[in-house]
Amino acid sequence: QSKPWDHIGREATPAEIKAWDIDVRPDFKGLPKGSGSVALGEKVWEAQCASCHGSFGESNEVFTPIVGGTTKADIETGRVKNLVLGSNFPQRTTLMKVATVSTLWDYINRAMPWNAPKTLKTDEVYGVLAYILNMGDIVPADFTLSDQNIAEVQKRMPNRNGMAFHEPLWKADGKGDVKNVACMKDCPTEAQVRSSLPDFARDAHGNILEQNRVVGPVRGADTTKPPVK
Amino acid sequence: QSKPWDHIGREATPAEIKAWDIDVRPDFKGLPKGSGSVALGEKVWEAQCASCHGSFGESNEVFTPIVGGTTKADIETGRVKNLVLGSNFPQRTTLMKVATVSTLWDYINRAMPWNAPKTLKTDEVYGVLAYILNMGDIVPADFTLSDQNIAEVQKRMPNRNGMAFHEPLWKADGKGDVKNVACMKDCPTEAQVRSSLPDFARDAHGNILEQNRVVGPVRGADTTKPPVK
Amino acid sequence: AIAAGQATRARAAEGDPAILELPEHTRGLGRPVAERPYGLPSQWEANLQRRESPGLTRVPQASVSFTPLQGLFGIITPSGLHFERHHQGWWDIDPSKHRLMVHGLVKRSRVFTMDELMRLPSVSRIHFIECGANSAPEWGNVALPTVQYTHGMVSCSEFTGVLLSTLLDMCGIDRKTAKFVLAEGADGSSMTRTIAIERALDDCIVAWGMNGEMLRPENGYPLRLVVPGVQGVSWVKYLRRIEVGDQKWATKDEAVHYIDLMPDGTHRQYTGIQECKSVITTPSGGQMLLDKGFYNVSGLAWSGRGRIQRVDVSVDGGRNWRTARLEGPVLDKALARFNIDWVWDGKPAILQSRAIDSTGYVQPKINQLRAVRGTRSIYHQNAIQSWRVAESGEVFNVQVY
Amino acid sequence: AIAAGQATRARAAEGDPAILELPEHTRGLGRPVAERPYGLPSQWEANLQRRESPGLTRVPQASVSFTPLQGLFGIITPSGLHFERHHQGWWDIDPSKHRLMVHGLVKRSRVFTMDELMRLPSVSRIHFIECGANSAPEWGNVALPTVQYTHGMVSCSEFTGVLLSTLLDMCGIDRKTAKFVLAEGADGSSMTRTIAIERALDDCIVAWGMNGEMLRPENGYPLRLVVPGVQGVSWVKYLRRIEVGDQKWATKDEAVHYIDLMPDGTHRQYTGIQECKSVITTPSGGQMLLDKGFYNVSGLAWSGRGRIQRVDVSVDGGRNWRTARLEGPVLDKALARFNIDWVWDGKPAILQSRAIDSTGYVQPKINQLRAVRGTRSIYHQNAIQSWRVAESGEVFNVQVY
Ligand code: HEC
Ligand code: HEC
Ligand SMILES: [Ca+2]
Ligand SMILES: [Ca+2]
Ligand SMILES: [Ca+2]
Ligand SMILES: [Ca+2]
Ligand SMILES: [Ca+2]
Ligand SMILES: [Ca+2]
Ligand SMILES: [Co+2]
Ligand SMILES: [Co+2]
């Protein structure tokens with residue numbers, strides 16, 4: 001049924017949709033034609049990415065490292081072993097987590113370099129992504145990534161089988177997976193402290209005295225001093 | 001029944017209550033002992049009040065005049081005639097409106113002089129009020145107002161019988177005195193403009209264009225120009 | 001020049017430059033978090049300010065500034081735009097030195113620091129506050145260009161504090177003799193107002209919180225009385241004292257002002273209740289509709305006697321009415337936001353809104369108000385507001401009945 | 001010196017100098033109205049700021065600032081203290097150049113200016129927004145000193161805008177094929193998030209208003225998506241585009257972040273709902289009780305699945321519970337304020353709150369959460385929070401179960 005406000009706004013032109021509709025989906029809908037080699041990618045990376053992410057995508061400076069923590073075995077199984085409980089690997093790098101190569105293409109194209117997003121040419125995005133994938137041993141050094149072969153690359157993503165969909169946490173009317181009961185009296189609890197703030201953290205956020213109101217039922221504790229015993 | 005928070009706060013000391021409990025009621029509860037002559041009042045007035053209210057309490061500068069508009073006849077009846085519909089008197093002065101002399105004592109003592117409230121001595125308050133009352137011909141020029149005779153003066157207040165108490169507008173659960181009905185169709189109305197903004201008022205509040213958002217369903221009208229016909 | 005013109009046309013056909021040419025913010029790095037530890041509105045919103053009405057008052061410390069209702073949404077008034085009414089200027093009081101005294105006809109008097117008050121059981125409630133003189137200049141004729149000045153002495157906030165009844169109970173009021181309380185402020189005017197004991201024991205709040213934070217200095221920091229449904233002057237700011245008594249006080253602001261002059265020359269004294277009222281805020285006086293077609297007509301309704309039950313809107317000067325949508329929550333003695341569809345055909349129109357509250361009271365027309373109260377009473381003007389939309393799209397303040 | 005000491009004592013017995021010696025503001029003239037056309041908090045409130053958590057993030061344009069919940073009241077978050085989360089910095093966008101495009105699996109695509117959007121039928125609703133990573137640092141152990149840092153990525157505001165369903169209906173979505181929408185921002189990060197079509201057609205709002213005024217720049221001025229109940233990252237700021245599609249997008253912030261690592265090494269993807277949660281804000285970590293005796297224990301509760309039905313409070317580490325008072329209004333997917341009486345006997349105590357929502361879900365203990373999800377999932381940590389009150393009166397962040 002038509003509404004009295006239906007006339008408001010106007011149709012988008014094809015050029016307008018093209019200018020903004022930049023997203024790329026896991027099925028590669030939205031992916032523009034093009035290609036870029038690892039070699040091209042290395043140049044782009046060194047010039048425009050390495051300052052923040054490090055020469056091997058390993059830098060911690062601005063963000064968790066992009067590369068690292070994946071193995072050839074992971075590429076086989078599509079599950080990153082370092083994510084399993086008990087692993088000693090210290091970081092969760094991007095390549096360890098990401099299941100879909102489209103995500104990286106889309107994100108680099110959309111948001112990187114961080115201080116000049118949307119300035120890369122399409123082929124540069126292919127190239128720099130090829131370089132990242134090469135650093136993760138997902139593609140060889142002489143690889144050229146393109147819209148034609150990206151679906152093949154997807155089959156080598158180390159964590160491609162690592163995602164689970166748990167519908168109850170996606171739907172508003174789902175049921176929670178963790179259950180408590182509303183016990184009111186003599187409830188089961190040790191009622192003892194299992195974890196408390198480490199000493200060094202006491203003033204790691206500044207003096208809490210200065211983060212509370214100067215009147216009221218409480219004051220901020222002076223965390224420049226140890227707690228009163 | 002006692003409450004767990006009853007211990008909070010403490011009793012006020014007599015000196016504290018004395019320091020703050022300055023209100024004076026119509027029955028003169030709260031009125032401190034003291035007195036002041038019209039002559040004293042004139043001195044206080046000229047030194048501390050006239051600059052704002054004018055030498056005869058007639059100034060419009062900072063506020064409606066305090067004195068004026070009352071007659072000897074009003075003092076007899078206790079009703080100010082200039083308040084009745086049809087009167088030509090241009091202002092509603094304080095003395096025309098106020099029914100209770102306590103109100104003036106309390107307010108002058110509490111709030112005047114405006115830029116130095118609570119600095120008058122008790123006798124100065126009596127005096128300056130005597131002077132105001134004298135300007136309104138309520139007390140003679142040789143009068144000395146005091147806690148002893150103020151009740152007598154009350155009997156001469158020109159508008160002492162001028163107040164009505166309409167309980168429905170005082171109680172939250174009262175019934176309104178003005179009634180409309182929720183007619184929905186073909187309702188009785190002339191549907192014509194009975195009053196509209198005078199031309200001079202169009203930009204008396206500045207340019208309305210600059211008082212509205214720069215986007216939205218509307219803009220402010222440019223009131224530096226006449227309306228588009 | 002011709003070539004350039006053609007290029008522009010071609011580009012326009014292709015689409016909107018605001019889309020085709022990615023703006024700087026889509027291609028750059030923005031500003032850091034906590035650059036503003038306490039945030040402010042956009043630079044583009046600077047037109048929406050509280051403003052004085054020139055000529056209304058003579059000195060700015062005993063004056064009013066009005067809330068720009070023409071640009072606001074929903075029911076919560078941004079605290080930075082809350083209207084101001086001071087009688088002797090505003091202060092930013094050191095809260096550690098502020099005290100509240102409760103005394104009079106009580107078993108034991110009480111002095112509280114802010115520390116002590118804020119330990120007490122508290123409530124948080126959304127209420128409107130309206131100055132008794134809101135819309136006052138138009139008891140007679142149209143005088144003001146926009147809704148900021150006709151209705152901008154109303155605001156609505158979430159208040160937090162201790163119920164006045166809790167304090168009075170703590171002090172042990174004498175239920176037999178206690179009939180009224182006096183509330184007094186700590187500023188120069190030491191504003192004093194009488195409140196009936198039933199009101200005081202009902203829903204009054206001794207409040208320190210407003211919209212999640214402490215009261216703003218202009219609104220009485222650190223403590224103000226909230227008297228739901230009653231005119232703003234009773235919401236004493238910088239509250240320092242509550243005295244329990246057995247008579248009304250007839251203070252200056254209840255014996256010389258905030259008294260309503262009737263045609264017979266008497267003044268109605270103690271007329272605190274803000275009766276049911278509403279106003280369309282978009283579109284409203286001084287605004288220009290940009291075009292014909294659909295509009296969402298939006299406004300506010302409130303009642304000092306309870307909840308808003310219904311708001312009707314007319315676009316033909318009150319001949320025919322349709323019921324507007326009310327946005328939730330619709331609360332006791334709080335602003336309610338209403339919205340209604342309207343298609344403007346480009347012809348002159350007269351917009352009105354009419355609110356009905358939970359007592360069944362219907363907001364009156366200005367002529368109905370005048371028939372009972374005349375035109376000189378100054379306070380409590382709650383008439384239906386009319387806005388005339390001209391063919392030009394400009395909206396004018398008018399009276400129509 | 002002895003005489004002076006005696007005088008002081010005598011005066012102290014007489015009463016409090018803050019009462020006996022009238023302060024300057026009781027004896028002087030204050031400041032004029034509209035001195036601040038847009039008002040600010042009192043100078044005495046400067047301690048309550050939004051603050052970063054040092055070490056949490058590495059660059060301030062891709063970071064978080066936290067709301068000082070320890071000092072707030074009621075349910076409305078002051079917009080100046082609304083938490084911030086930016087991925088590529090914030091901007092103050094010229095609203096006259098901002099556009100929203102809706103396209104994809106629709107009969108007709110649509111481009112809207114702000115002028116056009118703001119003409120559409122609008123709603124105003126109060127909702128909470130919580131970052132999916134709120135309380136994240138404590139999946140493992142206690143790490144943060146105060147509630148500002150443990151829970152300060154939640155806020156609650158009244159939002160005004162057009163329902164997303166209204167826009168989708170206007171465009172004629174293909175009800176057969178349309179399964180998801182993508183929301184995209186106009187900033188450098190051009191944040192993109194997938195939303196299920198049922199969510200999109202339910203209560204999502206394309207909002208321009210927040211707490212009565214326009215959105216603040218830090219919160220997406222002039223347009224943001226409101227996705228009630230869902231983590232904040234989906235509330236795309238600077239909203240420029242809605243695409244209707246038939247598959248999820250697996251964007252960076254739903255394929256690399258905002259995915260919950262489970263003990264078996266899988267990540268749960270698309271876990272948007274913010275489940276029922278609560279926290280006591282007064283007294284809370286890093287605060288000092290001034291004295292023994294009565295306190296009003298106050299806090300906040302919320303649920304992304306509906307209304308808060310009940311909040312219970314324990315002062316003995318979860319052994320015994322009492323039901324708290326809920327302040328009204330208690331709204332769908334909004335913060336609820338609770339209060340409860342407590343008399344502190346001066347002995348160590350452990351305070352906890354436990355919320356129950358309208359679906360009957362009971363907020364879990366941290367060990368119950370861990371039993372299902374381990375300690376590494378980063379997001380959606382909605383455990384019962386424990387505060388230990390020491391004999392000194394100081395309150396400490398602890399985990400107790
Ligand atoms: C000026 C610093 C800077 C530069 C230059 C830069 N990045 Fe980034 N990059 C960042 C930051 C900061 C983030 C995290 C953004 C966020 O929080 O959403 C990031 C995130 C990423 C991510 C996602 C990582 C993850 O796990 O979420 C990828 C992939 C990436 N950058 C690739 C690149 C590429 C490719 C280039 C060069 C073409 C580049 N970056 C240049 C700072 C930079
Ligand atoms: C610096 C200016 C100034 C001075 C000096 C001053 N006043 Fe006033 N007075 C005012 C203003 C302004 C008001 C209105 C205050 C308000 O809006 O509540 C007022 C109000 C009053 C009123 C109430 C009038 C009414 O109708 O409400 C009285 C009575 C009064 N003054 C008496 C005095 C006396 C007596 C003195 C000297 C002892 C004095 N004033 C000195 C400015 C002044
Ligand atoms: Ca697309
Ligand atoms: Ca330290
Ligand atoms: Ca008294
Ligand atoms: Ca003019
Ligand atoms: Ca008022
Ligand atoms: Ca978030
Ligand atoms: Co007044
Ligand atoms: Co994020």
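Quick note: numbers below take in every heavy atom, side chains included, and nothing from hydrogens, waters or symmetry partners. This is a predicted model, so every value here is computed, not measured. In what follows, chains are A, B, ... by sequence order, proteins preceding strands, each numbered from 1.
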Do C:His103 and C:Val111 come within less than 4.5 Å of each other through their side chains, counting heavy atoms only?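 SC-SC contact between C:His103 and C:Val111 ruled out.
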Which one, [options], leads in non-hydrogen pairs under 4.5 Å with chain C?
options: B:Thr103, B:Asp6, B:Ile8, B:Val84; result: B:Ile8
options: B:Pro117, B:Gly216, B:Ala164, B:Pro198; result: B:Ala164
options: B:Trp5, B:Tyr107, B:Trp114; result: B:Trp114
options: B:Val228, B:Val193, B:Val98; result: B:Val193
options: B:Val80, B:Thr223, B:Leu197; result: B:Leu197
options: B:Met112, B:Lys97, B:Lys175; result: B:Lys97

Pairing of [X] and [Y] as salt bridge, 4.0 angstrom limit:
X: C:Asp357; Y: C:Arg305; value: no
X: C:Arg241; Y: B:Asp21; value: yes
X: B:Lys171; Y: C:Glu198; value: yes
X: C:Arg108; Y: B:Glu11; value: no
X: B:Asp199; Y: B:Arg202; value: no
X: B:Asp177; Y: C:Arg373; value: yes
X: B:Glu16; Y: C:Arg240; value: no
X: B:Arg25; Y: B:Asp106; value: no

Residue among [options] with most heavy-atom pairs under 4.5 Å to chain B:
options: C:Arg322, C:Glu116, C:His267; result: C:His267
options: C:Leu261, C:Leu182, C:Val230, C:Ile259; result: C:Leu261
options: C:Tyr361, C:Phe112, C:Tyr149; result: C:Tyr149
options: C:Gly285, C:Ala250, C:Ala196; result: C:Ala250
options: C:Lys333, C:Arg310, C:Gln352; result: C:Arg310
options: C:Ser392, C:Pro263, C:Gly306, C:Gly393; result: C:Pro263

Between [X] and chain C, with a heavy-atom cut-off of 4.5 Å, which part of the residue counts as in contact: side chain, backbone, both or neither?
X: B:Ile208; result: side chain
X: B:Leu209; result: backbone
X: B:Thr64; result: both
X: B:Pro188; result: backbone

What residues of residues 179-187 of chain B make heavy-atom contacts with chain C at a cutoff under 4.5 angstrom?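 The residues closer than 4.5 Å to chain C, in numerical order, are B:Lys179, B:Asn180, B:Val181, B:Ala182, B:Cys183, B:Met184, B:Lys185, B:Asp186, B:Cys187.
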If you check every heavy atom in residues 154-162 of chain B against those of chain C, which residues fall under 4.5 Å?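 B:Asn159, B:Gly162 fall under the 4.5 Å cut-off.
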Tell me, side chain or backbone of [X] under 4.5 Å from chain B's heavy atoms, or both, or neither?
X: C:Leu290; answer: both
X: C:Thr323; answer: both
X: C:Gln368; answer: both
X: C:Pro68; answer: neither
X: C:Glu243; answer: side chain
X: C:Thr266; answer: both
X: C:Ala371; answer: neither
X: C:Phe180; answer: side chain
X: C:Ile378; answer: side chain
X: C:Gln49; answer: neither
X: C:Gln269; answer: both
X: C:Leu289; answer: both
X: C:Asn367; answer: neither
X: C:Arg110; answer: both

Are the side chain of B:Thr93 and the backbone of B:Gly68 linked by a donor-acceptor contact shorter than 3.5 Å?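 Indeed, once roles are kept as given, a pair shorter than 3.5 Å links the two residues.
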State whether the side chain of C:Asn382 and the backbone N or O of C:Cys276 hold a donor-acceptor pair below 3.5 Å, judged by distance alone.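 Yes, C:Asn382 side chain to C:Cys276 backbone: donor-acceptor pair under 3.5 Å.
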Pair [X], [Y]: side-chain N/O donor-acceptor within cut-off below 3.5 Å:
X: C:Gln274; Y: C:His380; answer: yes
X: B:His166; Y: C:Thr271; answer: no
X: C:Thr194; Y: C:Glu254; answer: yes

With sequence neighbours excluded, what pairs up with C:Glu138 under the salt bridge (Lys or Arg N to Asp or Glu O under 4.0 Å) test?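 Applying salt bridge (Lys or Arg N to Asp or Glu O under 4.0 Å) to C:Glu138 gives none.
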If you count every heavy atom of other residues, nucleotides or ligands that lies below 6.0 Å from B:Phe56 atom CZ, does the total exceed 12?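 No, the 6.0 Å shell around CZ holds no more than 12 heavy atoms from other groups.
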Does NZ or CZ of [X] fall inside the cone over [Y]'s six-membered ring, less than 6.0 Å from its centre and within 45° of the axis?
X: B:Arg213; Y: C:Trp44; value: no
X: C:Lys248; Y: C:Tyr270; value: yes
X: B:Lys121; Y: B:Tyr126; value: no
X: B:Arg194; Y: C:Tyr401; value: yes

Intermediate values then yes/no, side-chain contact (heavy atoms from CB on, under 4.5 Å), C:Val395 and C:Met288: CA-CA 6 Å; C:Val395 186; C:Met288 297 275 306; over 6 Å; no
Checking side-chain contact (heavy atoms from CB on, under 4.5 Å) for the pair C:His257/C:Tyr379: CA distance, chi angles, key distance, verdict? CA-CA 9 Å; C:His257 304 286; C:Tyr379 303 99; 3.6 Å; yes
Would you check, one step at a time, whether the test side-chain contact (heavy atoms from CB on, under 4.5 Å) holds for B:Val153 with B:Leu133? CA-CA 9 Å; B:Val153 172; B:Leu133 295 170; 3.7 Å; yes
Qualifying salt bridge (Lys or Arg N to Asp or Glu O under 4.0 Å) pairs with a residue from residues 216-227 of chain B, counting only residues at least two apart or across chains: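 Passing the test, one end in residues 216-227 of chain B: B:Arg219-D:Asp115, B:Asp222-B:Lys225.
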